Amino acid sequence: MSKSIAGPEIERLIQLLAKVPGLGPRSARRAALYLIKKKEQLFEPLTAAMAEAVEKVRVCSVCGNVDTIDPCTICIDPRRDAATLIVVEDVADLWALERAAAMNVRYHVLGGTLSPLDGIGPDDLNISGLVSRVAEGGISEIILAVNATVEGQTTAHYITDQMGDMGVKVTRLAHGVPVGGELDYLDEGTLAAALKSRTAFD
Amino acid sequence: MEWRDDGMILGCRRHGETSTILEVMTAAHGRHLGLVRGGRSRRMQPLLQPGNRVELVWRARLDEHLGLFQVEPLELHAARLMASAAAVHGIQLLAAHLRLLPERDPHPALYETMCVVTRHLDEPGIAGSLMARFELAVLEELGFGLDLSRCALTGEREGLAFVSPKTGRAVTREAGQPWADKLLPLPEFLGSRSRAEGDAGGLAEAFGLTGYFLHRNVYEPRGIEAPDSRAGFLSALARALAKGENAA
């Protein structure tokens, strides 16, 4: 049995930090030690911020985003185009698209993809919420920004079926060469998809 | 322990932050799982998609261990298949059928059939017929194969039109006529010597036939439902065929 080098409170802090993505037991120990050393400048404000976030964070009842208000900041923003909806798998994807700032529209978070291997079916995703939003009217285009994986595309095709006769245009993100990508290192499938979706060079 | 084999990827599951547990159907080692270190990297993710055929090296200290896979690409079908609804549902359906088989139990004939089906999954006319034949092959491998080679009553090899729901044996139209309402229709393209493709009606009969025996012999005894991907594949296939007919 390994010897404990700190009190149970610190050990528990290290154990919990080690569960954060990107941190292992060793880096959690370093982070804990850093927080303890910077108690007033960082540790206390961090715990206060975390406690406040725990109390206030909620899932948006309209789109599935996380925010401290419900409906979320994006859903109540009147400057966003309400006629276009971007469908994403996860909140992380929503944040990535917001960072890109390419479109000023609203979102819908599915909460995952259809995955038989993990036992995730249509009822486990926020697809019924999407259908209800579209049925309410006012949406003319749905952009399926799901991952370019077989599971992501299965979900995209499933959603397209659900939207069958609802009178909305369903589009998806293009598949192709990433910026900075070298053709030699791309897989054949991506290259074929990029060639198929080639555009005129003006 | 170490072996090298060809395999078709059926699925992968995240493991930790950087690795994946890969599920493959191999030519000589059956359905097999293994860990791929760095499987979630940008380089590996396009490769580890269902439908891609890869060369695998599996290593483990003991045979019963999960083991580590080293993966090299052979035929990358996934990106092509993603554009077709029938194809993405089809690849999930192939995987669902193969998950009915025990792990690490070799089924080389089924692997070969799967490779052929995967190559044509985005061609609706061919995909339906091949998938129906694949379902017959799955029933065969599970020990519930149908005898569609000759008539159970007359021994004739031509004019087979029905299948007995009790025995799974084919019957000719003339011999089966008195019991036609109780027999399952056998589409012409599934006949023993036929290499033809089925039309929409024939495919519906074929999947009705395989669906009946899969339900009775496999799903019901195991207390499971038919996979969602089967309904997804059939509806996507019907839409694609209808679109093709309209275009023609």
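Here is the naming used below: chain letters follow the sequence lines, and residue numbers restart at 1 for every chain. Since the model is a prediction, treat every value here as computed from it, not as a measurement.
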Y34(A) atom OH, neighbour heavy-atom count above 12 within 6.0 Å: no

Neighbour count above 12 (heavy atom, 6.0 Å) for E72(B) CD: no

Crowding at CD, E55(A) (>12 non-hydrogen neighbours, <6.0 Å): no

Crowding at CZ, R12(A) (>12 non-hydrogen neighbours, <6.0 Å): no

Flag if over 12 foreign heavy atoms under 6.0 Å of CZ, R30(A): no

Donor-acceptor pair, side chain of E17(B) and main chain of G22(A), under 3.5 angstrom: yes

Proximity breakdown for T18(B) and chain A, heavy-atom pairs closer than 4.5 Å: neither

Side chain / backbone / both / neither for R43(B) at chain A, heavy atoms under 4.5 Å: neither

Over 12 non-hydrogen atoms of neighbours within 6.0 angstrom of CZ in R37(B): no

From S235(B) atom OG to Y158(A) atom OH, the distance as rounded to the nearest 0.5 Å: 10.0 Å

Flag if over 12 foreign heavy atoms under 6.0 Å of CH2, W3(B): yes

Donor-acceptor contact below 3.5 Å, side chain H157(A) vs main chain M82(B): yes

Polar side-chain atom of Q49(B) near backbone of V150(A) as donor-acceptor pair, under 3.5 Å: yes

Chain A contacts, top residue of P73(B), G11(B), P50(B) (heavy-atom pairs, under 4.5 Å): P50(B)

Over 12 foreign heavy atoms within 6.0 Å of CD, E64(B): yes

Residue E23(B) versus chain A: region with a heavy atom under 4.5 Å: side chain

Flag for Q92(B)-T154(A): side-chain donor and acceptor within less than 3.5 Å: yes

K196(A) side, atom NZ; R80(B) side, atom CZ - distance, nearest 0.5 Å: 8.0 Å

Part of A96(B) within contact of chain A (heavy atom distance under 4.5 Å): neither

Top of D161(A), L186(A), T160(A), T190(A) for chain B proximity - count of heavy-atom pairs under 4.5 angstrom: D161(A)

Proximal component of P178(A), with respect to chain B [non-hydrogen, under 4.5 Å]: neither

